[in-house]
Amino acid sequence: MPTLLNINGFRFFFYANEHDPRHIHVLKDDRYAKINLDDLSVVNSTFKPKDMKFVIECVRQNQENFIRGWDEYFSKR
């Protein structure tokens with residue numbers, strides 16, 4: 001389960017057996033979100049609005065790196 005970013009207790013990662021579309025999972029404590037990387041749409045989330053705003057901003061700022069990480073990881077399989 002490759003982790004691409006850890007910040008303020010939020011872990012941004014994907015699973016080794018993922019599927020399209022490209023997306024990122026985010027965990028902090030007992031909260032979770034799944035966000036599509038191409039359009040930043042939220043697939044699901046249990047984060048409070050303030051935390052979700054932070055999560056979306058982190059994904060936006062790291063979108064290119066997350067997509068590159070996804071593409072590199074899954075091109076080797």
Side-chain angles (χ1 to χ4, degrees):
M1 156 171 24
T3 297
L4 302 177
L5 178 67
N6 277 303
I7 186 169
N8 295 345
F10 293 86
R11 183 166 65 102
F12 296 76
F13 68 97
F14 54 82
Y15 293 101
N17 61 344
E18 288 288 10
H19 54 81
D20 286 331
R22 295 181 290 207
H23 58 275
I24 194 87
H25 298 271
V26 186
L27 285 176
K28 181 178 183 183
D29 303 326
D30 62 342
R31 303 290 182 169
Y32 167 84
K34 179 178 172 184
I35 301 166
N36 285 332
L37 290 173
D38 292 328
D39 62 5
L40 303 183
S41 62
V42 178
V43 177
N44 58 42
S45 172
T46 62
F47 285 111
K48 294 180 180 180
K50 179 182 175 186
D51 287 336
M52 196 63 224
K53 183 177 179 180
F54 176 79
V55 166
I56 291 292
E57 182 59 22
C58 286
V59 174
R60 187 190 65 73
Q61 289 179 4
N62 293 281
Q63 186 177 15
E64 289 179 23
N65 290 333
F66 291 168
I67 288 172
R68 184 173 23 261
W70 174 287
D71 290 345
E72 287 175 4
Y73 184 84
F74 291 108
S75 70
K76 297 176 185 175
R77 295 179 32 178

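If you read the sequence from its start, that first residue is 1, and numbering goes on from there.
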Do side-chain atoms of [X] reach the backbone of [Y] as a donor and acceptor pair under 3.5 angstrom?
{"X": "Thr46", "Y": "Tyr32", "value": "yes"}
{"X": "Asn62", "Y": "Cys58", "value": "yes"}
{"X": "Glu18", "Y": "Tyr15", "value": "yes"}

Notebook entry, point to check: Would Trp70 and Phe66 count as a close aromatic pair, with their ring centres under 6.0 Å?
Noted result: no
Checklist line | hydrophobic_cluster_shared for Val59 and Val43, side chain cutoff 4.5 Å | finding: no
For a quick test of your reading: what N or O donor-acceptor pairs under 3.5 Å do the side chains of residues 1-14 make, sequence neighbours left out?
unit_1, atom_1, unit_2, atom_2, d
Thr3, OG1, Arg11, NH1, 3.3

Checklist line | Exercise: identify the closest heavy-atom pair between Glu72 and Ser75 | finding: O-OG, 3.0 Å
Kindly compute the distance separating [atom1] ([X]) from [atom2] ([Y]), expressed to the nearest 0.5 Å.
{"X": "Leu27", "Y": "Phe47", "atom1": "CG", "atom2": "CZ", "result": "7.0 Å"}
{"X": "Lys34", "Y": "His25", "atom1": "NZ", "atom2": "NE2", "result": "5.5 Å"}
{"X": "Gln63", "Y": "Asp39", "atom1": "CD", "atom2": "CG", "result": "8.5 Å"}
{"X": "Ile35", "Y": "Ile24", "atom1": "CD1", "atom2": "CD1", "result": "8.5 Å"}

Notebook entry, point to check: Take atom NZ in Lys53; do more than 12 heavy atoms of anything else shown fall under 6.0 Å from it?
Noted result: no
Margin query: Going by side-chain hydrogen bond (donor to acceptor under 3.5 Å, both in side chains), name the residues that satisfy it together with Asp20, two or more places apart in sequence or in a different chain.
Written below: none
Next item on the list: Identify whether the distance between the nearest side-chain nitrogen and carboxylate oxygen of Asp38 and Arg22 falls below 4.0 Å.
Entry: yes
